[in-house]
Amino acid sequence: MLLALLGAISALSFAPGPLPAPILPFVQIAALACLAGYVLNAPTPGQSAWAGFLFGFGQFALGLYWIFISLHRYGGLPSPLAAGAVLVLAAGGGLYFALAGALARWLGNPSSPSRYRQLLDAAVWASCWAGAEWLRGTLFTGFPWLGTGYAHADGPLSGWAAVVGVYGLAWIAAYVAAALTLLVRTRAKTGKIALATAVVLALAGIGLKQISWSAPFGPPLQVRLVQGNIPQSEKFDPQLMQKGIETYMRLAAQPFKETGAESRLIVMPETIMPMFQDEYSPQVWSLWKAIAREQHATLLMGVPLHTREDGRNRYTNSAIALNADTPVEQLLTGTMPMRYDKHHLVPFGEFIPTGFHWFVNAMHIPLGDFNRGAARQRLFNLDGQILAPNICYEDIFGEEIIRAVGDSPAHGPGATLLVNISNLAWFGDSWALRQHLQISRLRAMETARPIIRATNTGATAVIDSGGLVQALLPVNTTGVLDTVVQGTRGLTPYVRWGNAPVLAWLALILLMGLGRRYYSRKRTRH
């Protein structure tokens, strides 16, 4: 159970609280180093697999405890079934780490005295670990929450995010962890070489952090982020829906603080209009237009849309933008020019995987079966700034977010500003809110774009292009965050090349490990 406890300690490293932010990357590497030491020296690959599974189970069972809140408190699932679902998810995450452990030990050679082979063991371990993280973020639509790299939004390795992305960060962190293991285990030249390599990686990360991958572009925006703090128990209650909408209208209509910026943008969270747009009267949409007119602003908000396409009904979880000139008819039909349909849907919450209708039917979650939006869509142009919305947990997929940053021949120029709208009220006052903020910080580092986040309960924030939080509303409070945001242009290496270089590097290291195993067995036979 010690390995499961180490996984639970690792779970503490993905957001501040209870541990302070400066020590998070070091806690994560220390826990990972203990696992690496066991995996690389286990008697058999099966024991290494079990070690990886226990570590992963401990990490995900604690780190994702907040899923129980959404399933039980708001989904109406009986507590044993809700707890069981979280444990099954934790076990599923643990299987990826079991694969990493088994493969690293199978390709390794712990009995070899060669310093170079031990160094290759460390690199193979890091490649197995990062590869397992990539698989977890890809298979079955992917769920890369609590990815290793997110523990390094602060610390000496964070500068690598713009170059290699979150999976490259996972490789570097896993290699540094293995290097510490070699140092403790050998206390000889091998350990010193491994430690020197780790120090070089850390210093390079510090150096990369000093590079400005983007430059200011276009006029700044005066931005208001609105946090209505509508309890999830009230959000879809037919008796209280109107009250929630009125709360957002009142906050959006508050006088702006004058900042000198000419353009104004008011951003509100996901599904602030809980019903489909055509279920509201034209008068409701006229009220929104009146607010836009009075504030001289563009309103960006989350709305579920019902439209007709090729004679079929289409339902999407969407973000729309409107101003005083937007025709009410467009708002009622969902044909407004600035519209984004969520592409990466949440399993069970926004689409039902085959064979799991029984599970979804046991809950009481509204709006549960949406159509998927295109991978790249036309972005929102606001007085020279190009806004790329994403909804809820879409921003945990860095390889998808970078599509909006690059220019598209079919859909126009890339984003100068990223916008995340979310409703994390499903998860109460839990780690989910802080973990999601940490994830957004990594996206800002990877893309060198500022990110503005408008959420129902938190964390509503402005993040600069270097990943630093510039302004933040307290969670579970009602209010607005008024600030000025400057868009940026310029492409990081990660935006240019995505995960391809990292995946090629992992494949190369694993092939080297496989080749070594093949020739070692061949020599043994002779």
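Residue numbers start at 1 and run along the sequence shown.
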Are side-chain heavy atoms of Thr141 and Pro347 found at a separation under 4.5 Å? yes

For the side chain of Arg376 and the backbone of Arg403, is there at least one donor-acceptor N/O pair under 3.5 Å apart? yes

For the side chain of Thr488 and the backbone of Ser214, is there at least one donor-acceptor N/O pair under 3.5 Å apart? no

All heavy atoms of Thr492 vs all of Trp213, minimum pair found to be CG2-CB, 3.6 Å

Heavy-atom closest contact (Ala179 atom, Ala198 atom, distance): CB-CB, 4.1 Å

For His152 and Gln28, test the side chains for any donor-to-acceptor distance below 3.5 angstrom and give the result as yes or no. yes

Might you work through the side-chain contact (heavy atoms from CB on, under 4.5 Å) test for Phe60 and Leu146, ending with a clear yes or no? CA-CA 8 Å; Phe60 296 119; Leu146 301 190; 3.9 Å; yes

Go through it in stages, so that I can follow the logic: the residues are Leu424 and Thr455, the test is side-chain contact (heavy atoms from CB on, under 4.5 Å), and I'd like the CA-CA distance, side-chain angles, deciding distance and then a yes or no. CA-CA 7 Å; Leu424 297 184; Thr455 69; 5.6 Å; no

Side chains of Pro304 and Tyr315, heavy atoms from C-beta outward: is any pair under 4.5 Å? no

Side-chain (Arg105) to main-chain (Pro43) donor-acceptor, under 3.5 angstrom: yes

Kindly state whether the ring of Trp431 and the ring of Tyr65 have centres lying under 6.0 angstrom apart. yes

Does the side chain of Arg453 come under 3.5 Å of the side chain of Ser440 through a donor N or O and an acceptor N or O? yes

Would you say Gln438's side chain and Arg434's backbone share a donor-acceptor pair under 3.5 angstrom? no

In terms of the angle between their ring planes, are Phe143 and Tyr393 parallel, tilted or perpendicular, with boundaries placed at 30° and 60°? tilted

Main-chain N/O of Pro78 paired with His72 side-chain donor or acceptor, under 3.5 Å: no

For residues Leu107 and Arg517, report the shortest heavy-atom separation together with the two atoms involved. CD2-CD, 4.4 Å

Between Phe53 and Leu95, is the side-chain contact (heavy atoms from CB on, under 4.5 Å) condition met? List the steps. CA-CA 6 Å; Phe53 175 81; Leu95 290 176; 4.1 Å; yes

Is the closest side-chain heavy-atom distance between Ser13 and Leu19 below 4.5 Å? no

For a 4.5 angstrom cut-off between non-hydrogen side-chain atoms, does Trp106 reach Leu514? yes

Side chain proximity check, Ile391 to Thr271, heavy atoms < 4.5 angstrom: no

With no hydrogens and no angle check, do the side chains of Asn420 and Glu394 hold a donor and an acceptor under 3.5 Å apart? no

If you measure from OH on Tyr340 to CD on Gln377, what distance do you get to the nearest 0.5 Å? 5.5 Å

Does any part of the side chain of Leu119, heavy atoms only, come nearer than 4.5 Å to the side chain of Thr197, both counted from C-beta? no

Should we say atom CH2 of Trp50 is surrounded by more than 12 heavy atoms from elsewhere, each under 6.0 Å from it? no

With rounding to the nearest 0.5 angstrom, report the CE to CG distance, Met445 to Leu208. 12.5 Å

Which pair of heavy atoms, one from Phe370 and one from Thr316, lies closest together, and at what distance? CD2-C, 3.4 Å

Determine whether Ser127 and Trp171 make a side-chain contact, defined as any pair of heavy atoms from C-beta on separated by less than 4.5 Å. yes

Using a strict cut-off of less than 4.0 Å between a Lys/Arg side-chain nitrogen and an Asp/Glu carboxylate oxygen, indicate whether Asp154 and Lys209 qualify as a salt bridge. no

Checking side-chain polar atoms at under 3.5 Å, does Asn390 have a donor or acceptor matched by the opposite partner on His343? no

Which heavy atom of Ser430 sits nearest to which heavy atom of Trp66, and what is that distance? OG-CB, 3.3 Å

For Thr416 and Arg489, indicate whether the former's side chain and the latter's backbone hold a donor-acceptor pair under 3.5 Å. no

From Phe397 CZ over to Ile439 CD1, what is the distance, rounded to the nearest 0.5 angstrom? 9.5 Å

So do Thr148 and Tyr167 actually touch side chain to side chain, heavy atoms under 4.5 Å? no

Main-chain N/O of Ala415 paired to Arg449 side chain as donor or acceptor, under 3.5 Å: yes

No-hydrogen, no-angle side-chain donor-acceptor test under 3.5 Å, Ser318 and Asp341: yes

Run His436 and Trp145 through side-chain contact (heavy atoms from CB on, under 4.5 Å) and show every step you take. CA-CA 9 Å; His436 199 194; Trp145 205 286; 3.9 Å; yes

Could you go through Gln227 and Thr460, starting from their C-alpha distance and side-chain angles, then the distance that decides it, and tell me whether this counts as side chain to side chain donor-acceptor pair (under 3.5 Å)? CA-CA 7 Å; Gln227 182 172 290; Thr460 296; 2.7 Å; yes

Rounded to the nearest 0.5 angstrom, the CG-CG distance for Asn229 and Asn456 is 6.5 Å

Ile451 side, atom CD1; Asp395 side, atom CG - distance, nearest 0.5 Å: 6.5 Å

Would you please classify the geometry between the Phe55 ring and the Phe97 ring as parallel, tilted or perpendicular, with 30° and 60° separating the classes? tilted

